[in-house]
Amino acid sequence: MGKKIKRIGILTAGGDSPGLNAAIRGVGKTALSLGMEIIGFRDGFRGLVENRRLKLEKATLAGILTVGGTILGTSRDKPHRMVVDGRIRDMTEVIKENYAKWDLDCVVCLGGGGTQKNALKLHQAGLNVITLPKTIDNDVALTDATFGFATALDIATDTLDRLHSTAHSHHRIIVAEIMGHRAGWLALGAGIAGGADVILIPEIPYDVECIAAAIRRRSKHGTNFSIVAVAEGAMSRDDARAFDSAEKKLERARTLHDKKEAKQELAALEVRHQGNTLRLAKQLEELTHLESRVTILGYVQRGGTPTAADRILATKLGSACAELIQEDHYGVMVASRGDSTEPVPLEKVAGKRKIVSPDHCWIRTARNVGTCLGEKE
Ligand code: F6P
């Protein structure tokens, strides 16, 4: 009997990001050239549960390099906590059955932090799993970069450039909210590249008085406009303390009642935080007497064609992934390391986040060029 042809399953999970199709193509084209077969599963882990499939052949992989989003669709469904018929169920066993049914040798999961955790769980349940790091937030641990970030960074920077001319013309403060979840990479990068006067990130809780003082100083020197790049996860020092205390309360909670109470407190803080950027703009208007406006960049940052940097990164990671499959090397995330790639055990990646450290070069750079980071001087 001849050697069995290797069969790969592939899915994209979590929020979409530019470069997903380039990565699918990178895995697919390399796998086909190595004599393997590849099946796409639609809408994240749900596709594996509900057998929503798409055979990936040469023709399917053609013309997708430059296309935004994901041809497979995505979802935030978790294998071990999936809503099925209105109930939350652990679908790991169903996934295992389908993995056997489709005669898969491995599943490639393209995703961010949550996907790395879900993939590890499936690997621990006995499946051969391999992942690629994708997210515009750039917050996946142990990889130099995630694909999607470079494109989102360009989009956010371009927006700040455009906001400059209108803020300047109207002598206004424009507060631009940038995505990034709980990490400040996108706001910090775009803020530096787009010359924001103030950059606020979750890693450095801010003091609104200090921001106002920096803006007033600019006015004193004859510049009556300011661009504030604020990460969606940035918060004031008071709010950061409140979150911290609620999180600690949850960690310490032993009884169901205490857990419920701590969770409710956290949920209420989350809801309040949703209005943070608008509140900040209003506070700055009151404190500086300059008119303030808000621009929330939102999903524009995740859409459209990937930049060249993201296409190269996604293709390089995807292609290396297929090579690792050829060597039966599973249970790893294919990380970007310098010009090359490196397999990192999923155990080391799952549950960790790469955030901006206070001594990161970008922080020093921003301070050196006179950007206010919302801290007391
Ligand atoms: O992780 C990518 C991201 O765009 C974050 O920056 C943002 O906080 C989140 O996804 C939004 O998630 P959703 O697409 O579920 O609204």
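Atoms within a ligand are numbered from 1 in the order they appear, just like the ligands themselves. For clarity, every value in this text was computed on a predicted model and none was experimentally measured.
Nearest non-hydrogen protein atom to atom 16 (O) of ligand 1 is Tyr299 OH, 2.5 Å. Summary of contacts: the protein heavy atom closest to atom 4 (O) of ligand 1 is Arg302 NH1, 2.8 Å. Among protein heavy atoms, atom 1 (O) of ligand 1 sits closest to Asp137 OD2, 2.7 Å.
Contact of the Lys6 side chain with the Asp328 side chain is registered, since non-hydrogen atoms from C-beta on lie closer than 4.5 Å.
Remark: the Asp238 side chain and the Ser236 side chain contain no N/O donor-acceptor pair separated by less than 3.5 Å. Of the N and O atoms on the side chains of Thr151 and Asp310, at least one donor lies less than 3.5 Å from an acceptor on the other residue. Neither side chain, Lys121 nor Thr92, offers a donor N or O lying under 3.5 Å from an acceptor on the other.
Ligand 1 places these atoms under 4.0 Å from at least one heavy atom of Met179: 4 (O), 6 (O).
With a heavy-atom cut-off of 4.0 Å, Ile136 touches ligand 1 through its side chain alone.
Tested against Arg218 for a side chain to side chain donor-acceptor pair (under 3.5 Å), the candidates Asn224, Asp197, Thr288 yield a single pass: Asp197.
Nearest-heavy-atom check against atom 8 (O) of ligand 1 across Arg182, Arg76, Glu232 picks out Glu232.
Atom NZ of Lys354 is surrounded by more than 12 heavy atoms from other residues, nucleotides or ligands within 6.0 Å.
The shortest separation from a heavy atom of Gly180 to ligand 1 is under 4.0 Å, placing the residue in contact.
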